[in-house]
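Throughout, protein chains are lettered first and strands after them, A, B, ... in sequence-line order, and every chain is numbered starting at 1.
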2 protein chains.
Amino acid sequence: MKARVAQQAEQSTSKRRAALTRESILEAALRVCAPEGGGQLTFSRLGKELGADPTAVYRHFRDKDELVLALTELTVAEGVELARATLPDGPSGDWRGWLTVTAESIRASYLARPVVAVLAAARTTASPAETSSFEQLISVLHRAGLPVLEAAECCRQLVDLTLALTQYSAAFSALDPATQAKDEAAWAVKYAMLPESEYPLLHESTPRLTELFRDDTEVFRMILATFLDGVALRIERTRQG
Amino acid sequence: MKARVAQQAEQSTSKRRAALTRESILEAALRVCAPEGGGQLTFSRLGKELGADPTAVYRHFRDKDELVLALTELTVAEGVELARATLPDGPSGDWRGWLTVTAESIRASYLARPVVAVLAAARTTASPAETSSFEQLISVLHRAGLPVLEAAECCRQLVDLTLALTQYSAAFSALDPATQAKDEAAWAVKYAMLPESEYPLLHESTPRLTELFRDDTEVFRMILATFLDGVALRIERTRQG
DNA sequence: CGTCATTGTCAACGGCATTGACAGACCCAT
DNA sequence: ATGGGTCTGTCAATGCCGTTGACAATGACG
């Protein structure tokens, strides 16, 4: 009864009354979620961006959760696409490069919309784009010498590591600038006042640590590198016996 | 109906009539944030737990942010304390055990109050408890053979890794059970329906991956192990050259 | 004893997601 | 064309949330 003309009739000529579509709403939402779009994703902001009543969105998404899920799916898909564009088509022996590119692509997509990353929290999307990317990751590690199951475990680790660290960074950059500045200042002051006698090592490292405070991306790269060193070790062990 | 806690009338200096104290509020908040305390930390819930008007809390904390910050500081301190209780007093050559215990202690403290973990997001606390723990971590890695700066970098990596993954887990367990179940079901269905011809490796790994879906803690342990393998490699390299 | 700061209560405000009633526009079969 | 049925946008209202300002009760102190 419901769900009449599923989706075929209206896209050819004039949209009957479709000022808003799922796509146009998602686009507007992505605009709102951009780092320069201002802190929050809210129905009223979305309505303003669309030039429509905020509640009109409910005609296309059951609730905010559904909207957020669609946004994360879009974001992941974009990340996967970005990775695909960077990576070679055929198989590659460079497993390390492959994993690195994939992780950093997904991270980049999320960081382009910190708000989405924050709202996505730990929701699992299981989008189709993700699937084939995952299969390829396993394949690359398997070719590198890992048994299938172990390769799959490593991939799961990589994905969790990437998503968790990315959302961690996103949460910070989604904070309002005042709070960000306050936190950073508090941190700097505290480290500057550390008594050298009591914390000699920390005192010596302060400049480097302060440098890293600002640079989430650098920290992510370092963690990823260390993690991949661990994977390399596992591969080597497997090969030897 | 005023459930008064009869524990005042102490303290040497001026103490008017403190039915509520910073400490009693924090305790109540921790109770609310416990996994079985029900989903959210809210002023009205807090007020109910205290048997007082919700807005009374504002007499002791400027706003919710300050309350949350205090809670995170408490949580981190508890984690550090837990680690201290487990670890030997003196120096230890077992750097790997040291790092593992520290990371898992902090994780355990946060997971005992998922709500705090979620609200803390990426706020930096720079509490005193944290500081000495950090100094010790650097010391342990330095003794293991790493230059001071490199040891400090590794510690920073470890902390970020731990906090990010913990908040990632906490975010999921802070979701209402219905959503959790729905997400898990969606994931399971999707993986069960994967065509073997297109995704042979994924298909083969499905049982293991499904097992890991539920077991955040196991995944964390694996990631930590892989990461520490990477650190071991770095230590070895330093020693040799 | 009177003054004053402290602290709990209460009512109110604005922002948020969500809902239900309504109205115009479109489609199709009559 | 016409009239029901259906989409889709609008509007008003609800309930929860954090936060604020006015008020009242309490104790401390000169």
Side-chain angles (χ1 to χ4, degrees), chain A residues 1-25 28-29 32-33 38-71 115 118-119 121 176 179, chain B residues 1-25 28-29 32-33 38-71 115 118-119 174-176 178-179:
Chain A
M1 296 300 186
K2 46 200 64 180
R4 50 188 283 97
V5 231
Q7 73 258 26
Q8 91 285 29
E10 53 236 275
Q11 58 200 101
S12 56
T13 58
S14 65
K15 39 229 177 120
R16 42 185 116 176
R17 187 70 285 206
L20 264 42
T21 65
R22 226 157 191 277
E23 291 73 34
S24 70
I25 292 175
V32 170
C33 288
Q40 299 225 65
L41 175 61
T42 193
F43 275 89
S44 65
R45 290 182 61 88
L46 192 47
K48 206 167 288 179
E49 182 73 28
L50 287 162
D53 189 279
T55 64
V57 176
Y58 282 92
R59 297 291 172 202
H60 303 267
F61 296 90
R62 189 150 32 80
D63 52 17
K64 194 176 180 179
D65 195 63
E66 193 183 311
L67 175 62
V68 167
L69 250 40
L71 286 172
V115 186
V118 172
L119 291 173
D176 64 314
T179 311
Chain B
M1 60 176 65
K2 306 198 271 185
R4 271 295 129 76
V5 194
Q7 76 202 43
Q8 90 295 20
E10 77 283 358
Q11 294 296 40
S12 52
T13 60
S14 64
K15 199 87 172 186
R16 319 261 162 165
R17 73 178 189 87
L20 264 42
T21 65
R22 229 159 187 278
E23 292 73 33
S24 70
I25 292 175
V32 170
C33 289
Q40 297 225 64
L41 175 62
T42 193
F43 276 90
S44 65
R45 291 181 63 88
L46 192 47
K48 206 166 288 178
E49 183 74 29
L50 287 162
D53 189 279
T55 64
V57 176
Y58 282 92
R59 297 292 172 202
H60 304 267
F61 296 90
R62 190 153 34 79
D63 52 16
K64 193 177 181 179
D65 196 62
E66 194 184 311
L67 175 62
V68 167
L69 249 41
L71 286 171
V115 187
V118 171
L119 291 174
L175 251 40
D176 66 313
T179 311

| pair B:Val57-B:Leu50: side-chain heavy atoms closer than 4.5 Å | yes
A:Arg59 meets the side chain to side chain donor-acceptor pair (under 3.5 Å) criterion, sequence neighbours left out, with none
Here the residues of residues 43-54 of chain A within 4.0 Å heavy-atom distance, strictly under, of DNA chain C are A:Phe43, A:Ser44
A:Ile25 CD1 to D:dT8 P, in whole Å, measures 10 Å
Please assess B:Leu46 against B:Leu67 for the test side-chain contact (heavy atoms from CB on, under 4.5 Å), listing each intermediate value before the final yes or no.
CA-CA 11 Å; B:Leu46 192 47; B:Leu67 175 62; 3.7 Å; yes
Please tabulate, one pair per line, each protein N/O and nucleotide N/O from nucleotides 21-23 of chain C that are separated by under 3.5 Å, including the distance.
from   : atom 1 : to      : atom 2 : distance (Å)
C:dA21 : N6     : A:Arg59 : NH2    : 3.4

Between B:Lys64 and B:Leu41 the two heavy atoms that sit nearest each other are NZ-O, 2.9 Å
| message | Is any side-chain heavy atom of B:Arg22 closer than 4.5 Å to one of B:Ile25? | response | no
Side-chain atoms of B:Lys64 come closest, of D:dT19, C:dC16, D:dG9, to D:dT19
Distance test, side-chain N/O of B:His60 to OP1/OP2 of C:dG8, below 4.0 Å: yes
Hits for ring-ring contact (aromatic ring centres under 6.0 Å, His included) against A:Phe43, two or more places apart or cross-chain, chain-then-number order -> A:Tyr58
To the nearest 10 degrees, the angle between the two end axes of the helix from C:dC1-D:dG30 to C:dT30-D:dA1 (five pairs per end) comes to 20°
### Message
So B:Leu41, base contact, sugar-phosphate only, or nothing? Heavy-atom distance under 4.0 Å.
### Response
sugar-phosphate
OP1 or OP2 of C:dA17 versus the side-chain N and O atoms of A:Thr42: is any pair under 4.0 Å? yes
Scanning both residues in full, the closest heavy-atom pair of A:Ala19 with A:Ser24 reads O-OG, 4.3 Å
To the nearest 0.5 Å, atom CG of A:Leu71 lies from atom CD of A:Glu66 at 11.0 Å
In whole angstroms, the gap separating P of C:dC16 from CG of A:Asp65 amounts to 18 Å
Regarding the side chain of B:Thr55, the nearest nucleotide among D:dT19, D:dC11, C:dA17 is D:dT19
When rounded to whole Å, the OH to C1' distance for the pair B:Tyr58 and D:dT20 reads 9 Å
For B:Glu49 and B:Ala28, the nearest pair of non-hydrogen atoms, with its separation, is CG-CB, 3.7 Å
Ranking C:dT9, D:dG9, C:dT19 by distance to the side chain of B:Ala56, first place goes to C:dT9
For A:Val32 and A:Arg45, the nearest pair of non-hydrogen atoms, with its separation, is CG1-NE, 3.7 Å
Whole-Å distance, B:Phe61 CZ to D:dG18 C1', equals 16 Å
Sorted by chain and number, sequence neighbours left out, side chain to side chain donor-acceptor pair (under 3.5 Å) with B:Gln40 holds for none
